[in-house]
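Both backbone and side-chain heavy atoms feed into the values below; hydrogens, waters and symmetry mates do not.
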Amino acid sequence: MLPIDAAAHSSRWRRRHPVDKAVLGLGLTVLAVSLPPWPGAVLILLTAVAVLLGPAGVPARHLWRAYRVPLGFCVTGAATLLVQVGGPEGLVTLADGGPNRAGELLLRTSAASLGVLLFAFTTPMSDLLPRLVKAGVPAPVVDVALVTYRMSFLLLDSVRRIREAQAARLGHTTRAAAWRSLAGLGATAFVRAFDRAARLQAGLAGRGYDGTLRVLVPDARVSGRFVAMSITLLAALAALTFVLERPLS
(Lines give C-alpha, C1' and ligand atoms only; values in the text may rest on other atoms or scores of the structure.)
Protein backbone atom coordinates (compact mmCIF):
# COMPACT_ATOMS: atom_id res chain seq x y z
CA MET A 1 0.00 0.00 0.00
CA LEU A 2 1.29 3.44 -0.91
CA PRO A 3 1.96 5.85 1.99
CA ILE A 4 -0.70 8.29 0.82
CA ASP A 5 -3.29 5.50 0.63
CA ALA A 6 -2.31 4.20 4.07
CA ALA A 7 -2.63 7.73 5.45
CA ALA A 8 -6.10 8.06 3.88
CA HIS A 9 -7.27 4.84 5.57
CA SER A 10 -6.02 6.08 8.97
CA SER A 11 -7.17 9.68 8.55
CA ARG A 12 -9.40 11.32 11.15
CA TRP A 13 -11.83 12.09 8.32
CA ARG A 14 -11.85 8.50 7.05
CA ARG A 15 -15.53 8.02 7.91
CA ARG A 16 -16.72 11.26 6.36
CA HIS A 17 -18.56 11.14 3.06
CA PRO A 18 -16.32 11.91 0.04
CA VAL A 19 -18.61 14.80 -0.91
CA ASP A 20 -17.72 16.57 2.35
CA LYS A 21 -14.01 16.37 1.62
CA ALA A 22 -14.43 17.14 -2.09
CA VAL A 23 -16.17 20.42 -1.32
CA LEU A 24 -13.24 21.53 0.84
CA GLY A 25 -10.24 20.03 -0.96
CA LEU A 26 -11.35 20.55 -4.55
CA GLY A 27 -12.87 23.89 -3.61
CA LEU A 28 -9.43 25.05 -2.46
CA THR A 29 -8.00 23.83 -5.76
CA VAL A 30 -10.55 25.80 -7.77
CA LEU A 31 -9.85 28.94 -5.75
CA ALA A 32 -6.10 28.50 -6.20
CA VAL A 33 -6.55 28.45 -9.97
CA SER A 34 -9.14 31.21 -10.26
CA LEU A 35 -8.13 33.77 -7.63
CA PRO A 36 -5.22 36.20 -8.04
CA PRO A 37 -2.00 34.41 -7.06
CA TRP A 38 -1.14 37.14 -4.57
CA PRO A 39 -2.40 36.90 -1.94
CA GLY A 40 -5.00 34.30 -2.92
CA ALA A 41 -2.71 31.36 -3.61
CA VAL A 42 -0.65 32.12 -0.50
CA LEU A 43 -3.74 32.16 1.70
CA ILE A 44 -5.00 28.91 0.16
CA LEU A 45 -1.61 27.25 0.55
CA LEU A 46 -1.40 28.17 4.22
CA THR A 47 -5.01 27.12 4.82
CA ALA A 48 -4.51 23.75 3.13
CA VAL A 49 -1.37 23.03 5.15
CA ALA A 50 -3.12 24.03 8.39
CA VAL A 51 -6.11 21.77 7.65
CA LEU A 52 -3.91 18.85 6.60
CA LEU A 53 -1.67 19.00 9.66
CA GLY A 54 -4.47 20.02 12.03
CA PRO A 55 -8.04 18.67 11.70
CA ALA A 56 -7.15 16.07 9.06
CA GLY A 57 -4.27 14.76 11.18
CA VAL A 58 -1.83 14.05 8.32
CA PRO A 59 1.75 13.54 9.59
CA ALA A 60 4.09 16.23 8.33
CA ARG A 61 6.59 13.65 7.09
CA HIS A 62 3.99 11.88 4.98
CA LEU A 63 2.71 15.18 3.62
CA TRP A 64 6.18 16.28 2.53
CA ARG A 65 6.94 12.94 0.88
CA ALA A 66 3.77 13.18 -1.19
CA TYR A 67 4.00 16.92 -1.85
CA ARG A 68 7.60 17.06 -3.06
CA VAL A 69 6.78 15.23 -6.29
CA PRO A 70 4.10 17.65 -7.58
CA LEU A 71 6.14 20.53 -6.15
CA GLY A 72 9.04 19.46 -8.38
CA PHE A 73 6.76 19.65 -11.43
CA CYS A 74 5.52 23.06 -10.28
CA VAL A 75 9.07 24.39 -9.97
CA THR A 76 10.08 22.92 -13.33
CA GLY A 77 7.07 24.44 -15.08
CA ALA A 78 7.62 27.84 -13.49
CA ALA A 79 11.33 27.84 -14.37
CA THR A 80 10.52 27.70 -18.09
CA LEU A 81 8.87 31.12 -17.85
CA LEU A 82 12.12 32.73 -16.75
CA VAL A 83 13.72 32.46 -20.20
CA GLN A 84 12.79 32.96 -23.83
CA VAL A 85 14.20 31.12 -26.82
CA GLY A 86 15.22 33.09 -29.89
CA GLY A 87 15.11 36.82 -30.54
CA PRO A 88 17.60 39.56 -31.33
CA GLU A 89 19.37 39.26 -27.98
CA GLY A 90 20.44 35.65 -28.39
CA LEU A 91 19.29 32.06 -28.51
CA VAL A 92 18.32 31.85 -24.82
CA THR A 93 17.76 35.04 -22.80
CA LEU A 94 15.86 36.13 -19.72
CA ALA A 95 12.21 36.82 -20.49
CA ASP A 96 10.69 40.22 -19.77
CA GLY A 97 8.50 39.86 -16.70
CA GLY A 98 9.59 36.24 -16.40
CA PRO A 99 10.15 36.25 -12.61
CA ASN A 100 6.66 37.66 -11.99
CA ARG A 101 4.95 35.13 -14.24
CA ALA A 102 7.04 32.29 -12.84
CA GLY A 103 6.21 33.29 -9.26
CA GLU A 104 2.50 33.53 -10.04
CA LEU A 105 2.48 30.12 -11.72
CA LEU A 106 4.44 28.53 -8.87
CA LEU A 107 2.04 29.95 -6.28
CA ARG A 108 -1.05 28.80 -8.18
CA THR A 109 0.14 25.28 -8.93
CA SER A 110 1.66 24.59 -5.51
CA ALA A 111 -1.51 25.76 -3.75
CA ALA A 112 -3.74 23.79 -6.14
CA SER A 113 -1.65 20.65 -5.55
CA LEU A 114 -2.21 20.92 -1.81
CA GLY A 115 -5.96 21.13 -2.36
CA VAL A 116 -5.87 17.88 -4.31
CA LEU A 117 -3.64 16.27 -1.66
CA LEU A 118 -6.13 17.28 1.03
CA PHE A 119 -8.77 15.20 -0.73
CA ALA A 120 -6.36 12.33 -1.46
CA PHE A 121 -4.99 12.14 2.10
CA THR A 122 -8.48 11.85 3.60
CA THR A 123 -10.38 9.78 1.00
CA PRO A 124 -9.36 6.19 0.17
CA MET A 125 -10.01 5.20 -3.42
CA SER A 126 -11.93 2.18 -2.16
CA ASP A 127 -14.47 4.59 -0.66
CA LEU A 128 -14.63 6.90 -3.66
CA LEU A 129 -14.77 4.62 -6.70
CA PRO A 130 -17.87 2.53 -5.78
CA ARG A 131 -19.83 5.72 -5.12
CA LEU A 132 -19.13 7.03 -8.61
CA VAL A 133 -21.80 4.68 -9.98
CA LYS A 134 -24.46 6.62 -8.08
CA ALA A 135 -22.99 9.82 -9.50
CA GLY A 136 -23.72 8.61 -13.02
CA VAL A 137 -20.39 7.04 -14.02
CA PRO A 138 -20.96 3.81 -16.00
CA ALA A 139 -20.47 0.72 -13.87
CA PRO A 140 -17.98 -0.95 -16.28
CA VAL A 141 -15.74 2.11 -16.10
CA VAL A 142 -15.76 1.97 -12.30
CA ASP A 143 -15.06 -1.78 -12.35
CA VAL A 144 -12.02 -1.28 -14.58
CA ALA A 145 -10.77 1.47 -12.26
CA LEU A 146 -11.22 -0.77 -9.20
CA VAL A 147 -9.37 -3.67 -10.82
CA THR A 148 -6.58 -1.40 -12.05
CA TYR A 149 -6.27 0.14 -8.60
CA ARG A 150 -5.98 -3.28 -7.00
CA MET A 151 -3.60 -4.66 -9.61
CA SER A 152 -1.28 -1.66 -9.28
CA PHE A 153 -0.63 -2.53 -5.63
CA LEU A 154 -0.01 -6.17 -6.48
CA LEU A 155 2.42 -5.15 -9.21
CA LEU A 156 4.29 -2.77 -6.91
CA ASP A 157 4.52 -5.50 -4.28
CA SER A 158 5.92 -7.92 -6.85
CA VAL A 159 8.52 -5.37 -7.98
CA ARG A 160 9.57 -4.80 -4.36
CA ARG A 161 9.96 -8.52 -3.69
CA ILE A 162 11.98 -9.04 -6.88
CA ARG A 163 14.31 -6.15 -6.04
CA GLU A 164 14.85 -7.50 -2.54
CA ALA A 165 15.69 -10.96 -3.96
CA GLN A 166 18.11 -9.42 -6.46
CA ALA A 167 19.79 -7.34 -3.76
CA ALA A 168 20.17 -10.44 -1.55
CA ARG A 169 21.98 -12.14 -4.43
CA LEU A 170 24.34 -9.17 -4.93
CA GLY A 171 22.56 -8.15 -8.08
CA HIS A 172 23.30 -4.44 -7.57
CA THR A 173 27.01 -4.55 -6.68
CA THR A 174 28.28 -3.31 -10.06
CA ARG A 175 26.84 -1.23 -12.87
CA ALA A 176 26.70 -4.21 -15.22
CA ALA A 177 24.98 -6.32 -12.57
CA ALA A 178 22.51 -3.52 -11.89
CA TRP A 179 21.57 -3.32 -15.59
CA ARG A 180 21.12 -7.10 -15.76
CA SER A 181 18.98 -6.99 -12.64
CA LEU A 182 16.88 -4.17 -14.11
CA ALA A 183 16.27 -6.19 -17.27
CA GLY A 184 15.34 -9.24 -15.21
CA LEU A 185 13.06 -7.13 -13.04
CA GLY A 186 11.15 -5.84 -16.05
CA ALA A 187 10.77 -9.28 -17.61
CA THR A 188 9.68 -10.97 -14.37
CA ALA A 189 7.23 -8.20 -13.46
CA PHE A 190 5.71 -8.39 -16.96
CA VAL A 191 5.17 -12.14 -16.70
CA ARG A 192 3.79 -11.92 -13.17
CA ALA A 193 1.36 -9.17 -14.16
CA PHE A 194 -0.16 -11.35 -16.88
CA ASP A 195 -0.25 -14.34 -14.51
CA ARG A 196 -2.08 -12.37 -11.84
CA ALA A 197 -4.52 -11.00 -14.41
CA ALA A 198 -5.30 -14.52 -15.63
CA ARG A 199 -5.83 -15.77 -12.08
CA LEU A 200 -8.07 -12.77 -11.35
CA GLN A 201 -10.17 -13.50 -14.41
CA ALA A 202 -10.49 -17.17 -13.44
CA GLY A 203 -11.44 -16.24 -9.89
CA LEU A 204 -14.13 -13.81 -11.03
CA ALA A 205 -15.53 -16.37 -13.47
CA GLY A 206 -15.68 -18.97 -10.68
CA ARG A 207 -17.67 -16.58 -8.53
CA GLY A 208 -20.31 -15.89 -11.18
CA TYR A 209 -19.03 -12.52 -12.38
CA ASP A 210 -21.82 -10.88 -14.39
CA GLY A 211 -20.08 -7.67 -15.39
CA THR A 212 -20.40 -5.78 -12.10
CA LEU A 213 -18.09 -5.87 -9.09
CA ARG A 214 -20.12 -5.59 -5.91
CA VAL A 215 -18.19 -4.26 -2.93
CA LEU A 216 -19.15 -3.12 0.55
CA VAL A 217 -19.00 0.64 0.98
CA PRO A 218 -18.71 2.17 4.49
CA ASP A 219 -21.95 3.82 5.52
CA ALA A 220 -21.58 7.60 5.51
CA ARG A 221 -23.84 10.58 5.01
CA VAL A 222 -23.12 14.00 3.67
CA SER A 223 -22.72 16.37 6.61
CA GLY A 224 -24.59 19.58 5.98
CA ARG A 225 -22.70 21.27 8.79
CA PHE A 226 -19.30 20.28 7.42
CA VAL A 227 -20.24 21.38 3.89
CA ALA A 228 -21.57 24.70 5.18
CA MET A 229 -18.39 25.33 7.16
CA SER A 230 -16.27 24.47 4.13
CA ILE A 231 -18.22 26.84 1.88
CA THR A 232 -17.95 29.55 4.52
CA LEU A 233 -14.18 29.05 4.68
CA LEU A 234 -13.86 29.19 0.91
CA ALA A 235 -15.97 32.34 0.72
CA ALA A 236 -13.90 33.96 3.48
CA LEU A 237 -10.68 33.15 1.63
CA ALA A 238 -12.05 34.65 -1.58
CA ALA A 239 -13.23 37.79 0.20
CA LEU A 240 -9.95 38.20 2.08
CA THR A 241 -8.04 37.81 -1.17
CA PHE A 242 -9.84 40.69 -2.85
CA VAL A 243 -9.44 42.84 0.24
CA LEU A 244 -5.68 42.26 0.49
CA GLU A 245 -4.98 42.02 -3.23
CA ARG A 246 -1.73 43.67 -4.27
CA PRO A 247 0.27 43.33 -7.47
CA LEU A 248 3.04 40.74 -7.31
CA SER A 249 6.36 42.52 -7.73
Side-chain angles (χ1 to χ4, degrees), residues 2-78 100-129 131-132 135 137 220-248:
L2 296 176
I4 191 170
D5 198 68
H9 279 278
S10 60
S11 171
R12 295 174 185 171
W13 291 352
R14 166 72 168 79
R15 299 301 177 184
R16 288 195 174 277
H17 197 281
V19 171
D20 295 349
K21 296 167 283 191
V23 171
L24 179 58
L26 303 185
L28 289 173
T29 300
V30 172
L31 287 183
V33 174
S34 57
L35 290 178
W38 178 262
V42 177
L43 292 174
I44 293 165
L45 191 149
L46 295 176
T47 301
V49 171
V51 173
L52 280 162
L53 299 180
V58 177
R61 179 170 56 88
H62 292 169
L63 176 59
W64 170 244
R65 288 182 61 185
Y67 184 51
R68 63 187 179 184
V69 176
L71 182 61
F73 283 100
C74 296
V75 172
T76 303
N100 283 352
R101 292 195 295 269
E104 291 176 354
L105 179 62
L106 181 59
L107 287 175
R108 286 185 188 277
T109 53
S110 57
S113 299
L114 278 174
V116 175
L117 285 178
L118 174 58
F119 182 73
F121 264 110
T122 56
T123 309
M125 294 297 291
S126 57
D127 289 355
L128 175 64
L129 290 176
R131 289 187 169 94
L132 293 180
V137 179
R221 295 183 179 181
V222 178
S223 173
R225 182 169 177 241
F226 188 92
V227 171
M229 292 176 62
S230 299
I231 294 175
T232 301
L233 175 62
L234 296 175
L237 288 172
L240 187 59
T241 297
F242 289 115
V243 170
L244 301 178
E245 184 179 359
R246 294 291 186 276
L248 182 63

Could you report the tightest heavy-atom contact between Leu128 and Thr123, atom names first, then the distance?
CB-CG2, 4.2 Å

Sorted by chain and residue number, the side-chain contact (heavy atoms from CB on, under 4.5 Å) partners of Pro36 (sequence neighbours excluded) come out as Thr241, Phe242, Glu245

Restricting to side-chain contact (heavy atoms from CB on, under 4.5 Å), what partner residues turn up for Leu46, sequence neighbours left out?
Val42

What pairs with Phe226 under ring-ring contact (aromatic ring centres under 6.0 Å, His included), at least two apart in sequence or on another chain?
Trp13

Thr47 side, atom OG1; Leu114 side, atom CG - distance, nearest 0.5 Å
10.5 Å

Show me, pair by pair, the donor-acceptor contacts under 3.5 angstrom made by side chains of residues 22-29, not counting sequence neighbours?
| residue | atom | partner | partner atom | Å |
| --- | --- | --- | --- | --- |
| Thr29 | OG1 | Gly25 | O | 3.2 |
| Thr29 | OG1 | Ala112 | O | 3.2 |
| Thr29 | OG1 | Val116 | N | 3.3 |

Please name all residues satisfying side-chain contact (heavy atoms from CB on, under 4.5 Å) with Arg68, sequence neighbours left out, ordered by chain then number.
Trp64, Arg65

Is a side-chain N or O of Arg14 found less than 3.5 angstrom from the main chain of Pro124, in a donor-acceptor match?
no

Considering all heavy atoms of both residues, which atom of Leu107 and which atom of Pro37 are nearest to each other, and what is their separation?
CD1-O, 3.7 Å

Looking only at non-hydrogen atoms, find the nearest pair between Ala32 and Ile44 and report the distance.
N-CD1, 3.3 Å

Whether the side chain of Tyr67 engages the backbone of Ser110 through a donor-acceptor N/O pair (distance < 3.5 Å, no angle test) should be reported.
yes

Shortest non-hydrogen contact between Ala60 and Leu53, atoms and distance
CA-CD2, 3.8 Å

With a 3.5 Å distance limit and no angle check, can you tell me whether Arg108 reaches the backbone of Leu35 through a side-chain donor-acceptor pair?
yes

Applying side-chain contact (heavy atoms from CB on, under 4.5 Å), name anything that partners Ala120, two or more places apart in sequence or on another chain.
Ile4

Point-to-point distance, once rounded to the nearest 0.5 Å, from CG of Asn100 to CG of Leu105:
12.5 Å

Of all the heavy-atom pairs spanning Ala56 and Ser11, show the shortest one and how long it is.
O-OG, 3.5 Å

Nearest non-hydrogen partners of Arg16 and Lys21, listed with the distance
O-NZ, 3.2 Å

